[in-house]
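The structure appears below as structure tokens.
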Amino acid sequence: MKYLITFIMVLTSFSLSIAGCSKNEDVEPNDTNQLTDIVNPTNGTMKITIGNSVFTATFYDNTTATAFKSMLPITINMNELNGNEKYYYFSNTLPTNASPGGTLQNGDLMLYGNNCLVLFYEGFNTSYSYSRIGKITNTTGLANALDNGSVEVKFEME
């Protein structure tokens with residue numbers, strides 16, 4: 001009985017960890033674009049407003065970031081997942097340039113699949129693949145601003 005309860009707890013924990021942005025797990029990495037997928041300050045910067053907190057992010061140099069930039073300004077309600085990220089599903093799709101996640105960092109703004117925007121506020125290692133959009137340059141206070149639960153986030157060009 002003890003092992004059955006442990007098994008159920010592990011299974012539940014695993015299910016919750018993939019419940020957020022996990023609809024498009026079949027997206028394959030695009031190895032041809034990994035070397036050019038770098039933060040590029042010449043692509044402009046983005047202002048991210050969460051409550052009274054304002055952050056600046058630099059865009060990556062790829063088609064996903066360009067497509068996201070064309071959607072700005074946008075205000076969305078992002079949901080909580082795993083105590084380390086906020087996510088939001090767009091009704092439309094964006095071009096992808098996915099590469100294996102590896103070590104994700106506080107302030108990474110990425111696309112999971114082709115329509116799930118993810119903003120990470122805690123770093124961790126992952127095997128999931130993401131298309132990079134941008135990186136917050138100074139993450140001081142980001143975790144506090146995002147707090148628990150759903151939060152309204154405004155993205156706009158700076």
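The figures here come from the full heavy-atom set of this structure, side chains too, leaving out hydrogens, waters and symmetry mates.
- The CG atom of L72 sits 10.0 Å away from the OG1 atom of T75 when rounded to the nearest 0.5 Å.
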Inset, instruction - Please test M78 against L119 for side-chain contact (heavy atoms from CB on, under 4.5 Å), starting from the C-alpha separation and ending with a verdict. - result: CA-CA 9 Å; M78 299 187 81; L119 177 56; 4.1 Å; yes
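- Taking each heavy atom of M157 and G44 in turn, the nearest pair found is CE-CA, 4.5 Å.
- Judged by distance alone, the side chain of T45 and the main-chain N or O of A57 form no donor-acceptor pair under 3.5 Å.
- For Y87 and Y112, the distance between ring centers is not under 6.0 angstrom.
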Inset, instruction - Using the side-chain contact (heavy atoms from CB on, under 4.5 Å) rule, take E80 and E85 through it: C-alpha gap first, then chi angles, then the decisive distance, then the call. - result: CA-CA 6 Å; E80 172 65 31; E85 66 189 83; 6.0 Å; no
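- No donor-acceptor pair closer than 3.5 Å links the side chain of T96 to the backbone N or O of A98.
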Inset, instruction - Begin from the C-alpha positions of N97 and S131 and carry the test side chain to side chain donor-acceptor pair (under 3.5 Å) through to its verdict. - result: CA-CA 5 Å; N97 186 21; S131 298; over 6 Å; no
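- Cation-pi geometry between K47 and F155 is not met at under 6.0 angstrom from the ring centre and within 45 degrees of the axis.
- Counting heavy atoms from C-beta outward, L109 and V118 have side chains that stay 4.5 Å or more apart.
- The shortest distance between side-chain heavy atoms of I48 and V153 falls below 4.5 Å.
- Atom-to-atom distance recorded for M71:CE and K69:NZ is 14.0 Å, nearest 0.5 angstrom.
- One distance of note links CD1 of I133 with CG of L117; it measures 5.0 Å at 0.5 Å rounding.
- Of all heavy-atom pairs between T140 and F55, the closest is O-CE2, 3.4 Å.
- Between E122 and G83 the shortest heavy-atom distance is CG-O, 3.7 Å.
- Here T58 contributes atom OG1 and I136 contributes atom CD1; the two are 10.0 Å apart, rounded to the nearest 0.5 Å.
- Enclosure of atom CG in N52 is not indicated, since only 12 or fewer non-hydrogen atoms of other residues, nucleotides or ligands lie within 6.0 angstrom.
- Judged by distance alone, with hydrogens and angles left aside, the side-chain atoms of N82 form no donor-acceptor pair with the main-chain N or O of N84 at under 3.5 Å.
- Within the 3.5 Å criterion, the main-chain N or O of G149 finds a donor-acceptor partner in the side chain of K86.
- A search for side-chain contact (heavy atoms from CB on, under 4.5 Å) contacts involving S70 returns nothing, not counting sequence neighbours.
- Distance check: S150 OG to N79 CG gives 5.0 Å after rounding to the nearest 0.5 Å.
- Using modelled atom types, no side-chain atom of N115 and backbone atom of Y89 make a donor-acceptor pair closer than 3.5 Å.
- The structure places CG of N62 at 9.0 Å from OG of S99, a figure rounded to the nearest 0.5 Å.
- Between E156 and T49, the closest side-chain pair of non-hydrogen atoms falls below 4.5 Å.
- For the pair N138 and T56, the minimum side-chain heavy-atom distance is 4.5 Å or more.
- With ring centers used as reference points, Y60 lies 6.0 Å or more from F68.
- Side-chain N or O atoms of K135 include one that pairs as donor or acceptor with a backbone N or O of N106 at under 3.5 Å.
- Counting only distance, with no hydrogens or angles, the side chain of D108 and the backbone of Q105 share a donor-acceptor pair below 3.5 Å.
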